[in-house]
Amino acid sequence: MEVFLEILKYTLPALVVFATAYVMFQGFLRQEAIKLQKQASDRNRKTVLPIRLQAYERLALLLERISPESIIMRVNKPGMTAKQLHSELLSSIRAEFDHNMSQQVYISNEAWEFIIEARANVISLINTAAIQVKDEATALTLSQKIFEQAMERKVQPTKEAMQFLKKEMEQFF
């Protein structure tokens, strides 16, 4: 029995030291893992944040370029008929949207839905105005009809999406 107590006298402190070292080592490893994860997150944020902000900028530019007043001023050329202007407006909206479609991966799904809805509203506005004007009418007549339709709406087709993009971008600052 005395031998057993003598062995216990030496092994028990060794086990306590081992358990203490083990717990401390585990804590150290956890802290290191958290530290490495934070460093990776910081590196990722430094890389991704500028790209995300650029995506928001490009989508804000898209909304501005497809707004009725902007797109009509850019696309309308002297001598165009209403039918030609209608076709050019829709073609320009499609090209702008296609050019910026890849930006959806950097924004929220909700923001992207606002962009799609804004595009659909602008197209609807243009189509509704085009139905009310004869194909042979001047492009100026169609432009006036589009502006009239836009003024009748409470919110401009692209404004709501632009406001949402701005609100969502505020989370980065």
Side-chain angles (χ1 to χ4, degrees), residues 1-75 88-128 149-150 152-173:
M1 179 79 159
E2 204 170 293
V3 174
F4 177 72
L5 287 175
E6 196 63 32
I7 293 173
L8 191 59
K9 190 166 65 170
Y10 293 112
T11 57
L12 189 59
L15 287 174
V16 170
V17 169
F18 174 76
T20 304
Y22 179 79
V23 168
M24 289 179 68
F25 188 68
Q26 288 294 357
F28 174 76
L29 289 178
R30 254 187 261 116
Q31 290 291 73
E32 283 299 307
I34 290 170
K35 183 177 163 185
L36 289 174
Q37 194 173 25
K38 186 177 181 325
Q39 287 175 346
S41 176
D42 288 347
R43 277 194 310 272
N44 190 23
R45 189 180 357 231
K46 286 178 184 176
T47 303
V48 173
L49 184 61
I51 294 170
R52 288 190 75 188
L53 290 175
Q54 184 180 33
Y56 281 99
E57 289 173 3
R58 285 184 60 180
L59 291 171
L61 182 60
L62 164 72
L63 291 171
E64 183 58 38
R65 288 181 61 87
I66 68 170
S67 68
E69 56 278 353
S70 176
I71 196 167
I72 289 171
M73 298 302 284
R74 198 174 61 257
V75 172
E88 284 295 317
L89 290 172
L90 295 181
S91 178
S92 182
I93 290 170
R94 192 175 309 110
E96 289 286 342
F97 186 77
D98 289 348
H99 181 72
N100 290 290
M101 192 175 287
S102 64
Q103 301 308 308
Q104 69 182 298
V105 299
Y106 300 110
I107 65 171
S108 70
N109 290 334
E110 191 176 4
W112 185 246
E113 290 300 320
F114 270 96
I115 300 290
I116 290 171
E117 185 178 335
R119 182 191 77 159
N121 288 338
V122 171
I123 290 171
S124 173
L125 178 75
I126 292 169
N127 287 337
T128 303
Q149 298 250 337
E152 290 174 5
R153 294 184 177 209
K154 290 180 183 177
V155 178
Q156 296 302 312
T158 57
K159 296 294 183 209
E160 194 174 1
M162 184 69 83
Q163 289 170 348
F164 186 83
L165 282 181
K166 287 178 182 179
K167 183 180 175 186
E168 195 168 275
M169 267 186 57
E170 287 176 1
Q171 74 183 353
F172 299 119
F173 302 105

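Position 1 is the first residue of the sequence; numbering continues from there. In this text, all values refer to a predicted model and were calculated from it rather than measured experimentally.
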Side-chain donor-acceptor contact under 3.5 Å, Ser108 with Glu168: yes
Quick one: are [X] and [Y] in side-chain contact, heavy atoms under 4.5 Å?
X: Ile115; Y: Leu165; result: yes
X: His99; Y: Arg58; result: yes
X: Gln156; Y: Ser67; result: no
X: Ile93; Y: Ile126; result: yes
X: Leu61; Y: Arg65; result: yes
X: Asp42; Y: Gln39; result: no

In Å and rounded to the nearest 0.5 Å, what is the [atom1] to [atom2] distance from [X] to [Y]?
X: Leu15; Y: Tyr10; atom1: CG; atom2: OH; answer: 15.0 Å
X: Lys9; Y: Leu5; atom1: NZ; atom2: CG; answer: 9.0 Å
X: Leu63; Y: Glu160; atom1: CG; atom2: CD; answer: 11.0 Å
X: Ile66; Y: Leu89; atom1: CD1; atom2: CG; answer: 11.5 Å
X: Gln149; Y: Thr128; atom1: CD; atom2: OG1; answer: 5.5 Å
X: Arg52; Y: Met169; atom1: CZ; atom2: CE; answer: 10.5 Å

Candidate pair Met24 and Phe28, rule side chain to side chain contact (heavy atoms under 4.5 Å, CB included), full reasoning: CA-CA 6 Å; Met24 289 179 68; Phe28 174 76; over 6 Å; no
From Ile71, Ile72, Val75, residue fulfilling side-chain contact (heavy atoms from CB on, under 4.5 Å) relative to Glu88: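 Of all the options given, the one that passes is Val75.
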Result of checking Leu59, Ile51, Leu53, Leu49 against Tyr106 for side-chain contact (heavy atoms from CB on, under 4.5 Å):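 Only one option passes, and that is Ile51.
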Closest approach of Val155 to Lys159 (non-hydrogen atoms, all atoms of both residues): CG1-CB, 4.1 Å
Salt-bridge criterion met for Lys167 and Glu170 (N-O under 4.0 Å): no
